[in-house]
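Both backbone and side-chain heavy atoms feed into the values below; hydrogens, waters and symmetry mates do not. Each ligand, and each atom within it, is numbered from 1 in the order the structure gives. Sequence positions, counted from 1, serve as the residue numbers for this chain.
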Amino acid sequence: MTQYAMTRAVSASLGQCELTHQDRIPIDLTIARRQHAEYEACLERLGCELIRLPEEPELPDAVFVEDTAVVLDEIALITRPGASSRRLEIESVVAALQPLRDILRIESPGALDGGDVLVVGKDIYVGLSSRTNEAAVDQMRQWLAPYGYRTHSAEVNGCLHLKSAVTAVSATTLLVNPDWIDSEVFDGYDLVEVHPDEAYGANALRIGEIVIYPLAFPRTAERLEHRGIRIEFVDLSELAKAEGAVTCCSLVFAKGPGTGSK
Ligand code: CIR
């Protein structure tokens with residue numbers, strides 16, 4: 001296996017999660033945990049070695065581990081989540097990543113959620129959202145340039161994170177909801193737009209040549225398949241009630257030099 005996928009068990013307090021663009025509706029924990037297990041199984045089937053972090057019962061949103069770090073081949077950048085309720089999620093992620101990568105950290109006044117960071121090759125797109133600010137983008141630009149990364153920022157409107165609005169479905173193709181992000185930022189990429197009835201359909205998780213994609217957006221899935229994108233479907237309907245989607249529930253990263261034999 002060439003990639004790790006770090007996940008975290010669903011918290012017993014998930015029902016008290018942060019919500020920004022959705023109304024609170026009851027979450028069935030049993031279903032949420034089953035769907036999460038199926039998502040983990042899907043990652044394993046696609047060749048990822050799982051690193052499962054234990055549940056944080058007091059931290060409702062801890063399952064959305066993506067928001068705590070941006071793991072690149074060279075380093076791990078630990079975020080400073082925009083919602084203060086989520087900042088306690090960080091330390092256990094640092095402990096898990098420390099043996100695998102050198103660690104950099106976003107510092108105050110920077111605020112960054114990993115859901116606002118889209119990495120495509122050496123280009124890093126950072127969403128300016130209710131969770132992520134310019135100060136964090138400045139820190140990223142400065143710290144990641146020595147590794148050859150180009151950091152770009154883009155305004156996000158109407159959704160929680162950049163990756164609610166755009167994700168990569170191949171090395172050259174992005175899936176986008178143009179109502180939430182200005183597509184012109186992504187000049188040079190092939191773009192697939194979500195079906196107009198499926199606003200939340202732009203979040204897909206690319207694992208090699210396959211994307212993990214929610215069952216909830218069949219019309220957008222049809223558009224992807226039409227473009228030759230291969231899909232593994234998952235049902236994350238209970239986690240979607242917590243404003244989570246497929247990228248949010250894992251940190252997927254290469255086994256770096258010195259860690260590949262693990
Ligand atoms: C939150 O509002 O922080 C969580 N309820 C949802 C986080 C989803 N994370 C993601 O899109 N990366």
> Are any of the N or O atoms of Asp113 closer than 3.5 Å to those of ligand 1?
Replying inline: no
Quick note on ligand 1: atoms under 4.0 Å from a heavy atom of His161 include exactly 9 (N), 10 (C), 11 (O), 12 (N)
In this structure, atom 8 (C) of ligand 1 is nearest to the protein heavy atom Glu243 O, 3.4 Å
In this structure, atom 4 (C) of ligand 1 is nearest to the protein heavy atom Asp61 OD1, 3.1 Å
- Is Lys163 in contact with ligand 1, taking contact as a heavy-atom separation below 4.0 Å? no
Of Arg131, Gln16, Glu89, the one whose closest heavy atom lies nearest atom 2 (O) of ligand 1 is Arg131
Residue set satisfying salt bridge (charged side-chain N to carboxylate O under 4.0 Å, His left out) with Arg141, at least two apart, ordered chain then number -> Asp138
Open item on the list: Evaluate Ala242 for polar contact with ligand 1, using N/O atom pairs at a separation under 3.5 Å.
Closed with: yes
Say whether, by atom type as modelled, one donor and one acceptor occur between the side chain of Asp61 and the main chain of Phe64 under 3.5 angstrom. no
From the list Val246, Leu46, Ile210, side-chain contact (heavy atoms from CB on, under 4.5 Å) with Leu205 holds only for Val246
Identify whether the distance between the nearest side-chain nitrogen and carboxylate oxygen of Glu238 and Arg33 falls below 4.0 Å.
no
Is the closest N or O pair between Thr247 and ligand 1 shorter than 3.5 Å? no
Glu66 heavy atoms within 4.0 Å reach ligand 1 at atoms 10 (C), 12 (N)
Residues at least two apart in sequence or cross-chain that pass salt bridge (charged side-chain N to carboxylate O under 4.0 Å, His left out) with Glu222, listed by chain then number, are none
| task | Answer whether the closest heavy-atom distance between the side chains of Leu160 and Arg131 falls below 4.5 Å. | result | yes
Exercise for review: Could you tell me whether Glu107 and Arg80 make a salt bridge, using a distance below 4.0 angstrom between a side-chain N and a carboxylate O?
Suggested key: no
For atom 11 (O) of ligand 1, the closest protein heavy atom turns out to be Cys248 SG, 2.8 Å
Side chain Tyr200, main chain Ser164, donor-acceptor under 3.5 Å:
no
protein heavy-atom neighbour closest to atom 9 (N) of ligand 1 works out as Asp67 OD2, 2.8 Å
Original post:
Do any heavy atoms of Thr20 fall under 4.0 Å from ligand 1?
Top reply: no
